[in-house]
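Numbering starts at 1 and runs along the sequence shown.
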Amino acid sequence: MYKIGIISDVHDWHTDQIESSLKKRKCKITRIFFEDLIFSFKKNQINFFNNKNLNKLDGIWVRFINSGSTEEITTKLTILHLFTEYKIYVHNSADVIEKTVDKVRCTGLLRVNGFLTPDTYVWFEKKKTFFPKGVKKILVKPIFGSQGKNIFMINKPDDLKRTEITGGVFYVQEFINSEKKNIYSDIRILVSNHKIVSAMERESKHFITNVYQGAKCKKISINKKLRSLASKISKQFNLGYAGIDIKIDKDKFNVLEINSVPSWKALQKIEKINISEVLVNDFLKKVKCRK
C-alpha cells in the first residue's frame, strides 16, 4: 500500500478523480494545501508541524499552483524540491514545472532542442517601441499564466505601446491564423509516461481557444508524425504527464505551450476511456520505480 499526497492550492474535480482511482488501488491518500504548510529545518531534516508524516510519503501528485508573489511561488517549488531530496517521487517535479511554467524558458528550451514554435520575441518593458518587422499580428502573453487569461492580440505598434504587461517583460509570439475563416483552433494533447492518452481540437470565434474561455472541443485522432513529436517533447522535458498545445500551419507543427499541471475535465467529456485511471496507473508505475 502506497502513501500518496495530493498537493495543490485548490482541490477540485481533478483531485476527487485522482483520489478515487488511487483508493481503488488501496493507496492511503493525504490532501495537502500549500497554504496550510508550516515547516522547520532541524536535525538535518525538514519537519512539517501540521503533518509529521509528509516526508515519509511514497509519492506526491502536484495538482495546481496558483499565481502569487515571487516568494510564494519559489517557496512552493522549494517544497517540491525538498520532497525530491527525500527520494519521494513528485508528479510533476519542481524541475519540470520550472521548465514549463515560465513561457520564456519553455519556448527557449523547445527552440534550442529543435522543436518548432511560433516566432517569439522577448524584451524588457522600457523598449516598448519594438515591433517585429514583417509580422501582421502578434500575441502578447504573460510569462506566468494559464487558462488563456491576460493575452492580447496586437495589430500595430501604437497598440503595443498602450499594452500593460505584468512583471516588466514582454513575451510576444507571432500569431498563426487558422485555416478556417473566422474560426480559431489548436490542438491539446494529453501525454502520460511519454505516450498520448487523448487529444482534442479546440475551436472558438475568439483568438483564445482555451475551454475555460468558451472554446468548443472535439476528440481527434493523432497521426504518427504528431504522436512521435509529442513523445519526443515529453522525453525532452521529462514530463510525468502534461498538456501539449499544438498549432498546425501548412503541415508544420508549432508547439504553443506545455502545461505541466494540466486539467482534463473537458477532455474527459468527449473521451470514452477513463483518463484518470490511465494517469493514475502511470503515476503508480513511477512511484514503484522509486522504491
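- Rounded to the nearest 0.5 angstrom, Thr78 OG1 and Glu85 CD are separated by 11.0 Å.
- The CG atom of Leu110 sits 11.0 Å away from atom CG of Asn254, with the distance rounded to the nearest 0.5 Å.
- Ile187 places none of its side-chain heavy atoms less than 4.5 Å from the side chain of Asp245.
- Taken from CD1 in Ile4 to CG in Leu284, the straight-line distance is 6.0 Å, to the nearest 0.5 Å.
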Could you check Leu80 against Asp95 for side-chain contact (heavy atoms from CB on, under 4.5 Å), going step by step and ending with a plain yes or no? CA-CA 9 Å; Leu80 301 182; Asp95 285 333; over 6 Å; no
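- The two residues Thr100 and Cys106 come nearest to each other via the heavy atoms O-CB, 3.9 Å.
- Lys99 is listed as a side-chain neighbour of Leu109, based on a closest heavy-atom distance under 4.5 Å.
- With 3.5 Å as the limit, one finds no donor-acceptor pair spanning the side chains of Ser260 and Asn92.
- Taking the centre of each ring, Trp123 and Tyr171 stay at or above the 6.0 Å mark.
- Checked against side chain to side chain contact (heavy atoms under 4.5 Å, CB included), Arg111 has the following partners two or more places apart in sequence or in another chain: Leu116, Thr117, Asp119.
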Applying side-chain contact (heavy atoms from CB on, under 4.5 Å) to Phe64 and Asp12, what does each step give before you reach the verdict? CA-CA 10 Å; Phe64 183 72; Asp12 57 7; over 6 Å; no
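- Summarising the geometry of Val90 relative to Phe83, their closest heavy-atom pair is CG2-CB, 3.9 Å, with the distance given to 0.1 Å.
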Can Lys216 and Glu203 be said to form a salt bridge (Lys or Arg N to Asp or Glu O under 4.0 Å), step by step? CA-CA 5 Å; Lys216 296 180 180 179; Glu203 288 189 346; over 6 Å; no
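- Side chain of Thr120 to main chain of Gln173: no donor-acceptor pair is present (N/O by atom type, distance under 3.5 Å, no hydrogens or angles).
- Between the side chains of Gln268 and His14, not a single donor N or O lies within less than 3.5 Å of an accepting N or O.
- Proximity of Phe152 to Leu139: side-chain heavy atoms (C-beta onward) are nowhere separated by under 4.5 Å.
- Taking 4.5 Å as the limit, some side-chain heavy atom of Glu98 sits within range of a side-chain heavy atom of Arg105.
- Phe253 has its side chain within reach of Lys225: a pair of non-hydrogen atoms, C-beta onward, lies under 4.5 Å apart.
- Residue Lys195 places its NZ atom among more than 12 non-hydrogen atoms of other residues, nucleotides or ligands, all under 6.0 Å distant.
- Side chain of Asp9 to main chain of Asn66: a donor-acceptor pair is present (N/O by atom type, distance under 3.5 Å, no hydrogens or angles).
- Between atom CD of residue Gln45 and atom CG of residue Leu82 there is a gap of 12.0 Å, rounded to the nearest 0.5 Å.
- With hydrogens and angles ignored, the 3.5 Å screen pairs a side-chain donor or acceptor of Asp102 with a backbone N or O of Val104.
- With a 4.5 Å cut-off between side-chain heavy atoms of Ile, Leu, Val, Met, Phe, Trp and Tyr, the cluster of Met1 takes in none.
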Could you pull out every donor-acceptor pair under 3.5 Å between side chains of residues 27-40 and any protein atom, sequence neighbours left out?
from, atom 1, to, atom 2, distance (Å)
Arg31, NE, Glu19, OE1, 2.7
Arg31, NH2, Asp16, OD1, 2.5
Arg31, NH2, Glu19, OE1, 3.2

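- In this structure, OG on Ser21 lies 11.5 Å from CD1 on Ile275, to the nearest 0.5 angstrom.
- Qualifying salt bridge (charged side-chain N to carboxylate O under 4.0 Å, His left out) partners for Glu277, counting only residues two or more places apart in sequence or in other chains: Lys24, Arg25.
- Placement of Phe41 and Ile79 within a single hydrophobic cluster is found when ILVMFWY residues are connected by side-chain heavy-atom separations under 4.5 Å, directly or transitively.
- Taking both residues in full, the closest heavy atoms of Tyr241 and Val261 are given as OH-CA, 4.2 Å, listed atom of the first, atom of the second, then distance.
- Looking at heavy atoms from C-beta onward, Leu256 lies in side-chain contact with Pro118 at the 4.5 angstrom threshold.
- Not a single donor-acceptor pair under 3.5 Å links the side chain of Ser228 to the backbone N or O of Lys224.
- Counting heavy atoms from C-beta outward, Ile233 and Asn113 have side chains that stay 4.5 Å or more apart.
- Remark: side-chain polar atoms of Lys103 are paired, donor with acceptor, to backbone N or O of Pro142 under 3.5 angstrom.
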Full working for side-chain contact (heavy atoms from CB on, under 4.5 Å) between Met200 and Ile270: CA-CA 8 Å; Met200 64 181 176; Ile270 57 174; 3.8 Å; yes
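- Contacts of Glu271 classified as salt bridge (charged side-chain N to carboxylate O under 4.0 Å, His left out), with partners at least two apart in sequence or in another chain: Lys219.
- Here the shortest heavy-atom pairing between Ile6 and His11 reads O-CE1, 3.1 Å.
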Apply ring pair (Phe, Tyr, Trp, His ring centres under 6.0 Å) to the pair Phe175 and Tyr184, showing each step before the final yes or no. CA-CA 11 Å; Phe175 179 71; Tyr184 303 96; 5.8 Å; yes
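- Put simply, the side chain of Ser234 never gets that close to the backbone of Ala230: no donor and acceptor are under 3.5 Å apart.
- The closest side-chain heavy-atom distance from Ile196 to Leu190 is not below 4.5 Å.
- Closest approach of Asp282 to Ser192, counting heavy atoms only: OD2-OG, 2.6 Å.
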Using the rule given for side-chain contact (heavy atoms from CB on, under 4.5 Å), can you reason through Ile60 versus Tyr89, listing the C-alpha separation, both sets of side-chain angles and the distance that settles it, and then say yes or no? CA-CA 6 Å; Ile60 292 176; Tyr89 172 67; over 6 Å; no
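- For Asp186, the salt bridge (charged side-chain N to carboxylate O under 4.0 Å, His left out) partners at least two apart in sequence or on another chain are Arg202.
- For the residue pair Ser276 and Trp264, a side-chain donor N or O sits within less than 3.5 Å of a side-chain acceptor on the partner.
- No side-chain donor from either of Glu257 and Asn259 sits under 3.5 Å from a side-chain acceptor of the other.
- One N or O on the side chain of Asn55 and one on the backbone of Ile46 form a donor-acceptor pair closer than 3.5 Å.
- The two residues Ile18 and Val280 come nearest to each other via the heavy atoms O-CG2, 4.1 Å.
- At a threshold of 4.5 Å between side-chain heavy atoms, the hydrophobic network of Ile, Leu, Val, Met, Phe, Trp and Tyr places Ile154 and Ile176 in two separate groups.
- With rounding to the nearest 0.5 Å, the separation of OG in Ser93 from CG in Leu77 is 10.0 Å.
- Of the possible polar contacts, none joining the Thr75 side chain to the Glu72 backbone as a donor-acceptor pair under 3.5 Å is found.
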